[in-house]
Amino acid sequence: MTTDRLMVLDLLVSVLAAAAWVGAGAAAAARRPRTAAALMAGALVASPARAGSVLALAGAGWWFVQEKVTIALPLLLTASVVAAVTAGPRLLAASRAASEAGRDAARSPAVVVPLLGAGYAAAAGPVQTFLLGYPAEPGSALILLAVVAGAVLLTWRAMTPRVPLLRAATAATAVAALAGGVLTFIPATTAAAATPVAAEAATPGAVALAAAEGGHDMPGHGMSAQASAPVRPVTDLRGPSAPAPGGTVRRFTLTARTATVTLSSGRKVAAWTFDGQVPGPPITAEQGDLVEVRLRNADITEGVTLHWHGYDVPSGEDGVPGLTQEAVPPGGEFVYRFVAAQTGTYWYHTHEVSDIGVRMGLYGMLVVKPRGSATTGVDLTLPVHTFAGTTVVGDHDQPVLQEVAPGTPVRLRLVDTDNTPHRFTLAGTVYRLVAVDGTDLSGPGPLSRAGLRLPAGGRYDLAFAMPSGPVVLRVDDRTEAVRLTTAADGPGNGPGTGDVTDAEDAAAAAGWPELDLTRYGTPASTPYTSRSHFDRRFTLVLDRGLALGDGLPIYAHTINGRAYPHVPTQVVAEGDLVRLTVVNRGRETHPWHLHGHRVLVLARDGRAPTGSPLWLDTFDVRPGEVWEVAFRAANPGLWMNHCHNLSHADLGMMLHLAYEGVTTPFHGGHGG
Ligand SMILES: [Cu+2]
């Protein structure tokens, strides 16, 4: 069974146990001893069963069961034993008696309170998992115990005025709640030192720095504390002013402004645009060129920046407001410069209030081709975006139609600019997935009848030679995105010979199995492997829970139980080999994105890729998954490390990766 299914099963068992205990207590209180006894029997099956489901889940890793093993399960089992021992015999006697006296006996506090108490204790498990998440900490555990104890005392007091030691018990409960509150809401004193991230940092200096960063301070400030590295402001880490030998300078100006954009169907949408168009003007270059982009902001009052997604630019060019620059206000401008060193398919987007900004249209494509590569055939860049519920490819809300001569080489560059993954199918041809996130794969084999799941922010390049019949690209098994036809079978020829929709229609494509990227292509050598010596190891456990956000407690998307800006900064030194483990305990997919570095996938759920090496800048961590990736810290700076579901990032799911000695003069930006 997958970890995801085990998580659901465990949740189900825990809810069943709670319902059975509460039901038994309620039935006893309603003077129905037989029903109560039957429900208690059910609870006595479900409660130990939960131990089994937690044990099974523990096989996926401690992260998945930490709060269950330390708090929820001991609480449930203890309360179950107490209820069975105290209420059990009385309830059995009452149900055998089958008399008025028996009915009255069933509703005595000695029966009802232990049964309901076990119910409260059982319910604390799922409440803890949903409300507090990972990791269980002493403060939140104390509050939880106090709530359960308080509920038991209230129930008891409601049934009889003669509760033994009521005052002492109430006082103890209040003290526990207070102590829990103090431990939880003064995070600055307990934060970083207790978190796995800081504990895993390799050097004492890094721990101290991470600890200092973990409190209320805006991460990224005061980074000059490290004595071993030279101090450099991020504003010094800028791109060169000349291209690489043989390259040219490519100058672009992008003006951010609100506009009404007309889609291919004639439908108009209100958008935030670069140069009045969505997507923004494509930025293209050949390898070695100097790309110079002048960003102007006409009227985006929230401010705007340019982030080069997947492109390992110098940190000062990375476009993160409040970290590498200030957001460009209306009337302002900022000039970005970088050498186009990496070839492949990338994109750019604003990083200021990016959840809204990108959704509204502040994005465009960045494609870099090898120097001197002659453009032959058809090369389409196809960003998929959702405008007000409509799937749009480029500015097309209808299929992109193109006539292509048979035999012509075709390259389709798929880009997901949304917050969630899209599923693509290509019908009518055998093709190869030649590049992922801009990096060519090793030995990509022929594919047909496959579903390609593209993470938010990710890119796939598909290549094939145009066959003699039509080729159809679909998104999410419903939207026809692209239809390539040869002159002979173009649209208007009607249904007939070899029409792709006859043989491979949308319904059939919906059933095509998803390609497992970790088994596609052929192995090749990599500069490091999972057996390499790692200088730093970091673990990010993704979950939901109450956490302190930017000032107020929110129901956050959390990293190790914390939300931005309170997630301790990951500190690395230039040259470090870094291993990053990302665990998803939640119910939603998290497309993980580290700025400034490509990561090499070491393993997913403990299994190393058997196909091509996978170099990614965005990897989808689905519910229950554990990803191990590695990167060389070779691009000094201050970097965002975040979920590219930008609404998750907005609700806390981001942190900083900082190189020792790099400082920022900027203050208080969102970083997102
Ligand atoms: Cu996410």
Side-chain angles (χ1 to χ4, degrees), residues 2-4 7-8 61 63-64 129-135 196-197 307 309-310 320 347 349-351 353-359 363 384-386 415-423 437 453-459 476 538-550 554-568 570 580-595 597 599 601 604-605 616-629 639-657 670-672:
T2 63
T3 306
D4 184 35
M7 289 197 293
V8 173
W63 317 286
F64 292 101
T129 296
F130 269 104
L131 229 50
L132 305 174
Y134 176 93
V197 169
H307 166 62
H309 186 113
V320 179
W347 62 300
H349 62 79
T350 184
H351 223 282
V353 290
S354 55
D355 181 27
I356 302 166
V358 176
R359 199 180 328 137
Y363 65 92
V384 172
H385 197 78
T386 304
V415 187
D416 183 350
T417 60
D418 274 331
N419 274 343
T420 50
H422 285 296
R423 176 185 153 97
D437 284 2
R453 189 185 198 260
L454 182 58
R459 286 88 58 214
D476 300 329
F538 298 110
T539 300
L540 303 176
V541 181
L542 313 180
D543 204 350
R544 289 217 78 166
L546 291 171
L548 198 59
D550 215 345
I554 51 171
Y555 190 53
H557 283 281
T558 58
I559 301 168
N560 301 330
R562 299 187 182 279
Y564 185 85
H566 301 284
V567 187
Q570 297 171 334
L580 184 62
T581 304
V582 186
V583 181
N584 186 354
R585 271 182 45 119
R587 307 290 330 136
E588 291 169 80
T589 292
H590 299 300
W592 203 258
H593 175 55
L594 169 64
H595 287 204
H597 307 74
V599 302
V601 178
R604 186 186 63 194
D605 291 341
L616 307 177
D617 52 64
T618 320
F619 52 98
D620 251 354
V621 188
R622 302 192 216 183
E625 282 189 345
V626 179
W627 285 68
E628 305 256 0
V629 303
W639 303 100
M640 296 305 298
N641 194 8
H642 68 101
C643 179
H644 216 279
N645 183 324
L646 298 173
S647 65
H648 294 181
D650 192 42
L651 282 173
M653 199 168 263
M654 49 185 177
L655 75 156
H656 292 153
L657 176 93
H670 302 265

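Counting starts at 1 for both ligands and their atoms, following the listed order. Numbering starts at 1 and runs along the sequence shown. Not measured: the values here are computed from a predicted model.
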Between the side chains of N641 and Q570, does any donor sit under 3.5 Å from an acceptor? yes
Can a donor-acceptor pair be found, under 3.5 Å and without considering hydrogens, that links the side chain of H422 to the backbone of D476? no
Kindly assign one of parallel, tilted or perpendicular to the pair H595 and H593, based on the angle between their ring planes and the thresholds 30° and 60°. tilted
Hey, is the main chain of V358 close enough, under 3.5 Å, to the side chain of H385 for a donor-acceptor pair? yes
With 2.8 Å as the limit, count the protein N, O or S atoms near the Cu ion (ligand 1). 3
Do side-chain atoms of T417 reach the backbone of V384 as a donor and acceptor pair under 3.5 angstrom? yes
Using a 6.0 Å cut-off, check whether atom CZ of F130 has over 12 heavy atoms from anything other than its own residue. no
